[in-house]
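The structure under discussion appears below in the form of structure tokens.
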Amino acid sequence: MSVQIKVHIDNDDGSEKLLPPKVLPVVPRATFCGINLKYLALGVLVVQNTSAVLLMRYTRTAAVPSELFDVATTVVYAELMKIVGCLLMMLMEQNFSLAAFKTELHRTLVQDREHVLKLFVPAGLYTLQNNVLFIALENLEATMFQVTYQLKLLLTAVFTVLLLGRSLSKYKWGSLCLLTAGVVLTQLPQKTTPGHAAQKGDWGVGLIACLTSATSSGFASVYFESVLKRKSSSSIWVRNVQLGVSSLPLSLFACYLSSKEGSVSFTKGYNFWVWSLVVIQAGGGVLVAVVIKYADNILKGFSTSLAIIVSGVVSAAIFDFSPSYTFLTGAVLVILSTFTYSVSP
């Protein structure tokens with residue numbers, strides 16, 4: 001498909017001259033089965049965000065304590081799946097040429113080993129984040145976690161200013177202040193309404209775990225961005241392989257630290273829901289990269305807002321979660337601030 005553009009220019013004598021029409025190609029929108037990839041990625045991201053949080057909460061509260069799986073093992077499995085998936089995508093980029101794939105893999109992991117070593121910083125932080133998330137969701141309702149976790153937007157903005165030297169507009173700072181106010185409202189003490197059970201877990205432990213995860217996520221994402229800016233020629237699959245190779249040994253070390261009797265079981269407590277959670281976690285990091293490629297910050301902010309709403313509806317139905325008016329007010333402020341931060345200049 002193309003577009004013809006007719007160009008008129010004025011001659012010195014005042015007459016007009018018509019130049020031959022220029023034919024400009026129209027780049028078709030990326031689609032999958034006739035669906036715009038931008039909106040398909042948005043829908044998948046909402047489902048991923050919501051299902052990951054709800055499954056974390058469900059798998060850690062529904063099982064008998066003696067039959068619970070080791071959190072650190074799910075992080076290891078997720079990293080392995082992510083690495084394998086990204087390696088397959090790298091093979092596809094090389095048109096399934098094993099020789100070209102081997103050369104690219106050698107360049108990625110051996111020749112570029114200095115870059116891989118630098119990624120141990122965000123890898124360690126992401127490993128901490130993924131392990132602490134489970135602690136947070138053992139002690140906080142899924143919706144409360146979703147809302148509180150949006151503080152990572154504020155922390156990411158602060159780290160961006162401090163580490164990358166960027167400046168934010170007054171509109172973005174206003175959105176961040178609104179976000180903070182909303183999160184504070186959601187953390188005010190809630191009364192247990194008749195017919196609804198009190199919240200399971202320790203609220204203080206859950207809040208600290210959530211803030212720790214948000215902080216590590218914010219710092220890691222900014223640091224990762226600063227490193228990637230120096231290596232902009234690499235594909236998203238190469239970057240994820242490098243990050244995964246850095247994260248895997250740290251995840252295994254976290255398994256060792258979490259073992260109480262000197263041994264770690266990689267099968268105890270695993271069922272359909274836990275394996276589903278592992279797959280969703282593995283695809284999460286790659287999915288964000290796809291969304292960045294085909295969507296934009298506005299849709300990313302919109303997906304976060306939708307995920308909070310969906311989590312609230314599902315939590316009310318499954319976990320008997322009954323939010324107070326102050327929580328609902330704070331949640332609305334968080335949703336509004338997340339969206340306005342994305343659209344503001």
Side-chain angles (χ1 to χ4, degrees), residues 41 44-45 48-49 51-52 55-56 69-134 213 216-217 220-221 223-225 227-228 230-258 264-267 270 274-294:
V44 174
L45 187 60
Q48 192 273 336
N49 284 341
S51 57
L55 278 175
M56 283 185 191
F69 59 93
D70 192 324
V71 168
T73 61
T74 64
V75 179
V76 173
Y77 281 130
E79 288 298 334
L80 284 172
M81 287 185 182
K82 184 177 71 173
I83 292 173
V84 172
C86 290
L87 286 174
L88 290 175
M89 295 305 298
M90 287 176 60
L91 183 60
M92 288 180 60
E93 285 186 337
Q94 303 301 327
N95 296 319
F96 296 98
S97 170
L98 292 179
F101 173 72
K102 183 179 179 181
T103 301
E104 178 66 12
L105 197 60
H106 183 270
R107 183 192 67 82
T108 299
L109 300 179
V110 180
Q111 294 180 355
D112 203 12
R113 57 184 174 274
E114 181 181 350
H115 182 62
V116 175
L117 291 175
K118 290 180 180 178
L119 291 180
F120 269 92
V121 175
L125 291 170
Y126 282 133
T127 302
L128 172 65
Q129 171 201 351
N130 290 330
N131 281 277
V132 172
L133 280 178
F134 285 93
S213 183
S216 60
S217 174
S221 60
Y223 183 93
F224 191 35
E225 180 183 352
V227 173
L228 292 181
R230 306 165 197 161
K231 288 283 182 181
S232 57
S233 60
S234 300
S235 69
I236 58 175
W237 314 117
V238 169
R239 293 167 181 171
N240 276 283
V241 168
Q242 291 175 329
L243 185 61
V245 169
S246 301
S247 300
L248 188 57
L250 297 175
S251 300
L252 289 171
F253 182 64
C255 285
Y256 171 76
L257 293 179
S258 66
V264 180
S265 174
F266 282 82
T267 57
Y270 274 76
V274 178
W275 281 115
S276 299
L277 174 60
V278 170
V279 173
I280 290 171
Q281 283 185 301
V286 179
L287 178 61
V288 169
V290 174
V291 170
I292 292 173
K293 182 176 181 179
Y294 291 108

Looking at [X] and [Y], what are the two nearest heavy atoms and their distance?
| X | Y | answer |
| --- | --- | --- |
| Q242 | T108 | NE2-O, 3.1 Å |
| S216 | Q129 | OG-CB, 3.4 Å |
| S246 | L119 | OG-CB, 3.7 Å |
| I280 | S51 | CD1-OG, 3.4 Å |
| V241 | I83 | CG2-O, 4.3 Å |
| P122 | L243 | CG-CD1, 4.3 Å |

Do [X] and [Y] have side-chain heavy atoms sitting under 4.5 Å apart?
| X | Y | value |
| --- | --- | --- |
| N131 | V75 | yes |
| L125 | S217 | no |
| F69 | F134 | yes |
| T73 | V278 | no |
| D112 | V238 | no |
| L88 | W237 | no |
| Y126 | S221 | yes |
| L87 | F101 | yes |

Q: Please work out which of the three classes, parallel, tilted or perpendicular, describes the rings of W275 and Y77, given edges at 30° and 60°.
A: tilted
Q.
Using 0.5 Å steps for rounding, measure from the OG atom of S213 to the CG atom of N130.
A.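 Between atom OG of S213 and atom CG of N130 there are 7.5 Å.
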Q.
With side chain to side chain contact (heavy atoms under 4.5 Å, CB included) as the criterion, how do L248 and L80 come out once you've worked through the C-alpha distance, each side chain's angles and the decisive distance to 0.1 Å?
A. CA-CA 7 Å; L248 188 57; L80 284 172; 3.7 Å; yes
Q: Apply side-chain hydrogen bond (donor to acceptor under 3.5 Å, both in side chains) to D70 and list each qualifying residue two or more places apart in sequence or on a separate chain.
A: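 Checked D70 against side-chain hydrogen bond (donor to acceptor under 3.5 Å, both in side chains); matches are S258.
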**Q.** Neighbour count above 12 (heavy atom, 6.0 Å) for Q111 CD
**A.**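 More than 12 within 6.0 Å, yes.
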(Q) Tell me whether F253 at atom CZ has more than 12 heavy atoms from other residues, nucleotides or ligands lying less than 6.0 Å away. (A)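 For F253, atom CZ is not crowded (no more than 12 foreign heavy atoms under 6.0 Å).
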Q: I would like to know whether Q281 and M56 meet side chain to side chain contact (heavy atoms under 4.5 Å, CB included); could you show each step before the answer?
A: CA-CA 10 Å; Q281 283 185 301; M56 283 185 191; 3.2 Å; yes
Q. Would F266 and C255 count as a side chain to side chain contact (heavy atoms under 4.5 Å, CB included) if you check the C-alpha gap in whole Å, the side-chain angles of each, and the deciding distance to 0.1 Å?
A. CA-CA 10 Å; F266 282 82; C255 285; 4.1 Å; yes
